[in-house]
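In each ligand, atom 1 is the first atom listed, and ligand 1 is the first ligand listed. In this chain, numbering begins with 1 at the start of the sequence shown. Please read all numbers here as calculations on a predicted model, not as lab measurements.
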Amino acid sequence: MIKVGIVGGTGYTGVELLRLLAQHPQAEVAVITSRSEAGVAVADMYPNLRGHYDGLAFSVPDSQTLAACDVVFFATPHGVAHALAGELLAAGTKVIDLSADFRLQDAVEWGKWYGQPHGAPELLKDAVYGLPEVNREKIRTARLIAVPGCYPTATQLGLLPLLEAGLADPSRLIADCKSGVSGAGRGAAVGSLFCESGESMKAYAVKGHRHLPEISQGLRQAAGRDIGLTFVPHLTPMIRGIHATLYATVADTSVDLQALFEKRYANEPFVDVMPAGSHPETRSVRGANVCRIAVHRPQGGDLVVVLSVIDNLVKGASGQAVQNLNILFGLDERMGLSHAGLMP
Ligand SMILES: NC(=O)c1ccc[n+]([C@@H]2O[C@H](COP(=O)([O-])OP(=O)(O)OC[C@H]3O[C@@H](n4cnc5c(N)ncnc54)[C@H](OP(=O)(O)O)[C@@H]3O)[C@@H](O)[C@H]2O)c1
């Protein structure tokens with residue numbers, strides 16, 4: 001059994017990790033932290049977990065207790081893994097960080113977007129960006145995984161086939177993305193209130209969102225050159241889900257894009273390329289570790305429209321983190337992750 005620790009167990013990605021790991025035959029959650037709920041039994045706070053974690057209670061983060069685990073997930077705001085990861089890695093514990101702390105390879109760039117200096121630049125050389133569809137081999141031997149963000153997962157998986165094949169003009173890419181409210185976490189904020197976010201939809205951070213440099217970094221690697229990306233996130237009145245509508249121009253309109261996407265993801269257990277003409281729905285991936293994609297070329301023109309949907313808490317966070325755990329420990333990548341989405 002892999003002994004697992006989770007820092008930040010009361011947040012939405014933390015409780016999603018607990019839900020997924022409850023079905024995982026090779027992982028056992030030994031430590032789960034919360035500063036505000038220390039001493040409270042997990043199932044008392046999250047009754048959906050009753051019967052799964054008898055005897056497990058939240059505790060204050062303690063590096064010695066965490067270091068006794070084989071792997072520690074960080075489901076915390078940025079900056080927390082910076083402070084603790086070094087000590088855990090030195091003790092031989094692997095780290096899977098769901099926050100943005102180790103996603104950008106450039107510490108100065110990170111500081112610019114996150115408004116504080118990078119807290120552990122010396123660890124960046126060890127960090128592997130945990131997008132298995134790109135970095136599977138590096139993940140196998142890593143000790144520090146930076147799990148991609150939700151918008152970056154949906155956007156990169158949607159655009160990678162076009163950029164890797166050198167088909168799309170990399171200088172004019174558009175990602176028009178919609179997120180459910182759980183993307184903002186469980187912390188109380190006026191914008192996340194039911195009366196503020198229900199029956200309404202709005203764009204935000206058009207000037208520049210923190211996920212922009214992360215998406216650009218991945219797309220630049222895929223294209224092998226600089227890229228120009230306009231990324232516009234929106235808040236929508238659903239609890240879970242990301243819907244990315246992606247636009248790219250292609251010079252060669254004779255290429256069979258459906259075949260290109262099907263071939264790129266033929267061996268990927270968690271990317272589903274839908275039949276030509278499809279419109280994936282966020283509800284089809286609720287609770288599932290799946291990115292569902294459809295590719296269109298309206299009116300046969302040179303503008304390609306890719307539709308990419310994920311559950312922000314699963315393939316966009318905790319599911320992808322468990323996928324990384326499986327790869328890291330040499331298990332079947334699908335272990336504990338093979339359930340279908342919830343319907344309706
Ligand atoms: N929500 C999503 O859809 C999503 C998707 C992808 C990635 N992420 C990223 O995943 C991380 C967690 O997101 P979330 O939505 O689960 O956040 P959240 O709901 O706000 O939960 C944050 C958790 O971190 C703990 N925490 C806060 N400050 C801490 C500190 N200084 N030291 C130790 N623990 C601390 C909190 O518990 P206590 O305060 O009680 O300790 C809580 O359990 C974030 O970095 C987020 O950007 C989120």
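The number of heavy atoms from other shown groups lying within 6.0 Å of CG (Leu342) is above 12.
For atom 27 (C) of ligand 1, the candidate residues are Glu37, Arg186, Arg35, Gln320; the nearest heavy-atom contact is made by Arg35. In this comparison of Asp97, Ile6, Thr10, the heavy atom closest to atom 37 (O) of ligand 1 sits on Thr10. Compare Leu98, Asp311, Val60, Thr76 by their heavy atoms: the one nearest to atom 44 (C) of ligand 1 is in Thr76. The option from Gly316, Pro152, Gly149 that lies nearest to atom 6 (C) of ligand 1, judged by heavy atoms, is Gly316.
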Donor-acceptor contacts, no H, no angles, side chain residues 89-96, under 3.5 Å, sequence neighbours left out:
unit_1 : atom_1 : unit_2 : atom_2 : d
Thr93  : OG1    : Ala67  : O      : 2.9
Thr93  : OG1    : Cys69  : O      : 3.0
Lys94  : NZ     : Ala142 : O      : 3.4

Sequence neighbours excluded and cut-off under 3.5 Å, please list the side-chain donor-acceptor pairs for residues 184-207, or say none.
unit_1 : atom_1 : unit_2 : atom_2 : d
Arg186 : NE     : Tyr46  : OH     : 3.3
Ser197 : OG     : Leu193 : O      : 3.0
Tyr204 : OH     : Tyr151 : OH     : 2.8

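Within the structure, ligand 1 lacks His211 among the residues with a heavy atom less than 4.0 angstrom away.
Under the 4.0 Å distance rule, the nearest protein heavy atom to atom 10 (O) of ligand 1 falls inside the cut-off.
Closest to atom 25 (C) of ligand 1 among all protein heavy atoms lies Gly8 CA, 3.7 Å. Atom 48 (C) of ligand 1 has its closest protein heavy atom at Thr13 CG2, 3.6 Å. When hydrogens are left out, the protein atom nearest atom 3 (O) of ligand 1 is Asn312 ND2, 2.8 Å; that is the closest non-hydrogen contact. Scanning the protein heavy atoms around atom 32 (N) of ligand 1, the nearest turns out to be Val80 CG1, 3.6 Å.
When only modelled atom types and interatomic distance are considered, Ser63 and Glu87 share a side-chain donor-acceptor pair under 3.5 Å.
The aromatic ring centroids of His279 and His296 lie less than 6.0 Å from each other. A centroid separation of less than 6.0 Å is found between the aromatic rings of Trp110 and His82.
Each of Glu333, Gln323, Arg334 was compared with Asn289 under the side chain to side chain donor-acceptor pair (under 3.5 Å) criterion, and only Gln323 meets it.
For ligand 1 and Ser99, the ligand atoms under 4.0 Å from any heavy atom of the residue are 45 (O).
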Thr249 and Arg172: CA distance, side-chain angles, deciding distance, side-chain hydrogen bond (donor to acceptor under 3.5 Å, both in side chains) verdict: CA-CA 7 Å; Thr249 313; Arg172 281 188 78 78; 5.9 Å; no
